[in-house]
Structure formats: structure tokens, C-alpha cells
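Nothing here was measured: the structure is a model prediction, and the numbers come from that model.
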Amino acid sequence: MTALRDRIGVMAAIGAMALKRELAERSWFWMQLVVRLVTMLVLAHFWRAVYADTERLGGLAFQQTLDYALLAQVLAPLSEHKLITTFSRLLSTGDMAIELLRPVDLQASEYAGNLAGLVLYEAFQLPLLVVAWGFLGLRLPGDPLTWAAFLVTLLLGHAILFLADWILACLAFYTTEAWGIGVMRHVLSTFFGGALLPLAMLPGWLRGVADALPFAQGIAAPTLVLAGVTPLAQLPSVWGLQLAWLAGLWLLSRLAFARAVRQVTVHGG
């Protein structure tokens, strides 16, 4: 019990340090806030124009689509790919060797930092939620169970995206420039994660590709819950799928990292 308490204390300290680093870049937060606010305004007008001549698209009514589109922008920070940048920096500076010598599991410490960053990012998105609810027609659920289900789905989805990022970040061990990997990840997670439009509106073969990738678990799955598209009765199957992704990606991430560190050559020598 003492060892577990000490481990939780270490993870909490790592998370607190991550929060301090993120708060040091407050100007970046505000710039992103403005960009997403403009995006939400555009999306609200776009979907109203699209539904002017139809009642349903991809099985979704206008209000469901509007709620989904606006909420997806609130969850947009999940499409960030800082872990790939972190690996590239640690390798280019040689600090990866120091991180591997620390008595704390690198994956666990990075997850704690990412989780703290998620809390901070979403806290900064609250003004967007207020604007969308007050002026853009966003409908929020009043049932506490829906909010609790959303939170569980969000946390599971965040862990899945973290593990997917970890696997992609391992590619940084084999290249001197990981920028392209980060761009690839951002494009894939934005499109196949459902940040641009509901995945139900994709053609069948593209929907199949999205289902075969983990990105929809991070943005689409929790957004569908909060938008009321996924009923509470379906949550056991949603969570079962997320747990299956979590178990598979965790094992793959451990294997990928163990293989990558055996072949690492720190950039520059």
C-alpha cells in the first residue's frame, strides 16, 4: 500500500510540473481559443446551410450534427501530438539516455503529464462551451449520468490516443526528423477521429478505415455520448471496445519501445 501511495504521489508531482509548463505558454492557449471560436462560428453556419434542404444526413438530425460539430471543437486538443515532438527532442539532445536512467517508468510519467495537460486544455475550452451553448445553439444534456458516461469515455479515449502516439513516437528512434510523423498523426487523428465531421457521414469504405484505427475512440466516441447520439444503453459495448483497444495498444506500445531503445543512436553520435 505504501509503495502504491508513493507511486501515485510521484505521478501527481509529474502532472503538476506538466501543468506549470503548459501555463508558461498562455499566449498560445489564447491564440488557439480564438482560432477554435472562429471555426465553431463557421461550422454552425455551414451545417445550417447543409440542412436547409434535408432533414437527416448519415442518420443524424440537424441538432445532433450541430451538437457534435461544436463539441468536437471543444475536444480538439486531443488531436495534438506533443509526445512525438517530445521523443524527437529527447533524442536530438541526448536526454533520452537520462530519462531511461530515472527510477520512474518513462511511459507512466509521460502519461501523467499528458493527462494533466488534458485537464488544463479542456479547462481553457470552457469559454468555447459557454459561447456555443449561449449563442450557437449547442444543446447540452441535463442528465448527470450522461456527463459521467462522457467523462469515462473521454478518459479511456485519451489513454488510447496516448498509447497510439507512443507507438508512432517510437518511429523517432529511426529518423533524424520526426516532424513528418507528427503531421501524419495530426491529419489521421483529425479526419479519422471525427474532428471534422461525424464519421457516420463518411462513405462505407472510409468508415471501415476509421473503425480500423484507434483515433475515433479519442474524439468521436465521447462526443457522440455527450451529443446524445450514443444512448446510455450502448455504453457497455462502447467501453468494451475501448478497453480492447487499450489492452492491445498498451502491449504493442511496450513491445515497440523495447525494440526501439535497443537500436537507438542519439542524433549527432
* **side chain to side chain contact (heavy atoms under 4.5 Å, CB included) partner of M96, chosen from L106, T86, V261** => L106
* Option from L83, L161, L171 for which side chain to side chain contact (heavy atoms under 4.5 Å, CB included) with R185 holds -> L161
* Asked: Any chance the side chains of S253 and Q107 put a donor and an acceptor closer than 3.5 Å?
  -> yes
For the backbone of [Y] and the side chain of [X], can you confirm whether one donor and one acceptor N or O come within less than 3.5 Å of each other?
X    : Y    : answer
S88  : T85  : no
W147 : P141 : yes
Q217 : L243 : no

* Is there a side-chain contact between V238 and L156 (heavy atoms, below 4.5 Å)? -> no
* Would you list the pairs meeting side-chain hydrogen bond (donor to acceptor under 3.5 Å, both in side chains) in which at least one residue belongs to residues 232-244, sequence neighbours left out? => T153-W239
Anything under 30° is parallel, anything over 60° is perpendicular, the rest tilted; go ahead and classify [X] against [Y].
X    : Y    : value
F87  : F173 : perpendicular
Y51  : W47  : tilted
F257 : W166 : tilted

* Structure fact -> Closest non-hydrogen atoms of W245 and D211, given as atom of the first, atom of the second and distance, are CZ2-O, 3.9 Å
